[in-house]
Amino acid sequence: ASDLTTSSSRSVLNTNAHYACNSFGNSNYGYLANAGDNSGIGTLVQRLQYSNDTGSVSTRFNTYLEYNYARSIGNEAYAYVCGGYYSGAYNETAESYIRRVDYSNDTQTEETGTIETGGKYKQSGVGNGRYGYLIGGLPYRDSNPGADVVRFDFSSGTNNALFKTYLLYYRNNLCGGASGNKYYGWIYGGQNIQYGSPDGYSDIIRIDYANDSATPLTRSYTQEEYWQQATGNSSYGYLAGAASEIYVSSNTTYRSWIY
């Protein structure tokens, strides 16, 4: 297979999905949750079967609230939906809970368990099958992005997430710009609005899971972008779509050789 060919359309979602949605999956299925359009953020969770990716997506369940800008990490059995921003009839807040989706029972609403160190949205996340890491993000009604890295244990559904280290720079608008393997997690770009600067970062930083209290250091560079999405395997990481001060959005996909 070649990663130089233009991507092709495979299926059609049941609802419009313009922005702020959250995605997760395992080796068999991909899920899209809380898709947003001009009418607001939805609660629908849709599933795509990889072995039949030209077939229709199926509706699985509705999330408890209309969260946007959440971030998901997981393993083969579960997805962990972390944080997110909620603006509804009763309150407006950044979620502090980590909610678990059971792939073997994916028509049930997600379970609430672990608590983050603070409610955030627009975070990034990586994991290695045993632990999940949440990086940066924005607290509720706070213009200062976070620089902390917190870790939670997949095997413990109720323990609080633990602070591990700080990034060199404050970052928000990471929004999925991360990938990794079982040894390392890589965080791509992001944005720092702490001092009123909308510029995106161009660096790629790495978290060493075996030494996760050390400050993540720059390993490589890409375009100055934020809001990008990322995926990868054990050998490569791929960045797709982004925004920057030069252009609103990009249709370019980059491959990183840093693994």
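Below, all heavy atoms of this structure are taken into account, side chains as well, without hydrogens, waters or symmetry copies.
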ask   = When clusters are formed from ILVMFWY side-chain contacts under 4.5 Å, directly or step by step, what else is grouped with Tyr97?
value = Ile115

request  = Measure up the Tyr121 and Tyr69 rings against each other and bin them: parallel (under 30°), tilted (30 to 60°), perpendicular (over 60°).
outcome  = tilted

ask   = Any idea how Phe163 and Tyr166 line up, ring-wise: parallel (<30°), tilted (30 to 60°), or perpendicular (>60°)?
value = tilted

ask   = Would Arg99 count as a cation-pi partner of Tyr67, with NZ or CZ less than 6.0 Å from the six-membered ring centre and within 45° of the ring normal?
value = yes

query = Rounded to the nearest 0.5 Å, how far apart are CZ of Arg71 and OG of Ser23?
reply = 6.5 Å

Shared hydrophobic cluster for Tyr86 and Leu44 (ILVMFWY, side-chain gaps under 4.5 Å) = no

query = Where do Gly125 and Ala178 come nearest, in terms of heavy atoms and distance?
reply = O-CB, 3.6 Å

query = Stepwise, does the side-chain contact (heavy atoms from CB on, under 4.5 Å) test hold for Glu76 with Ser27?
reply = CA-CA 7 Å; Glu76 192 66 16; Ser27 60; 2.5 Å; yes

inquiry  = Quick check on the 6.0 Å ring-centre criterion: do Tyr78 and Phe154 meet it?
reply    = no

request  = Apply side chain to side chain donor-acceptor pair (under 3.5 Å) to Asn28 and list each qualifying residue two or more places apart in sequence or on a separate chain.
outcome  = none

note = Sorted by chain and residue number, the salt bridge (Lys or Arg N to Asp or Glu O under 4.0 Å) partners of Asp208 (sequence neighbours excluded) come out as none

key: Nearest heavy atoms of Gly83 and Ala70, plus distance in Å   = O-CB, 3.6 Å

remark   = Checking Asn22, Thr63, Asn68 against Asn34 for side-chain hydrogen bond (donor to acceptor under 3.5 Å, both in side chains), the one that qualifies is Thr63

key: Candidates Trp186, Tyr133, Tyr183, Tyr184 - the one meeting ring-ring contact (aromatic ring centres under 6.0 Å, His included) with Tyr209   = Tyr133

task = State the CD1-CZ distance between Ile73 and Arg151, to the nearest 0.5 angstrom.
result = 12.5 Å

ask   = What are the two closest heavy atoms between Pro216 and Leu167, and how far apart are they?
value = CG-CD2, 3.9 Å

key: Separation of Gln49 CD from Arg47 CZ (nearest 0.5 Å)   = 6.5 Å

task = With sequence neighbours left out, write down each residue that passes side chain to side chain donor-acceptor pair (under 3.5 Å) with Asn128, or none if nothing qualifies.
result = none

Euclidean distance, Thr215 OG1 relative to Ile207 CD1, rounded to 0.5 Å = 10.5 Å

request  = Go through the steps to decide whether Ser179 and Tyr188 satisfy the test side-chain hydrogen bond (donor to acceptor under 3.5 Å, both in side chains), and finish with yes or no.
outcome  = CA-CA 8 Å; Ser179 64; Tyr188 306 98; 2.7 Å; yes

request  = Sequence neighbours left out, what passes side chain to side chain donor-acceptor pair (under 3.5 Å) with Asn160? Give chain and number order.
outcome  = none

task = Kindly compute the distance separating CZ (Phe152) from NZ (Lys164), expressed to the nearest 0.5 Å.
result = 14.0 Å

request  = Measure the CG-CG distance between Leu48 and Asp53 for me, rounded to the nearest 0.5 Å.
outcome  = 6.0 Å

ask   = Between Lys120 and Asp148, does a side-chain contact (heavy atoms from CB on, under 4.5 Å) hold up when you go through it step by step?
value = CA-CA 11 Å; Lys120 287 185 180 179; Asp148 53 333; 2.3 Å; yes

query = Hydrophobic cluster mates of Val45, side-chain heavy atoms under 4.5 angstrom, ILVMFWY only, any path?
reply = Phe24, Tyr29, Tyr31, Phe61, Val81, Val101, Tyr103

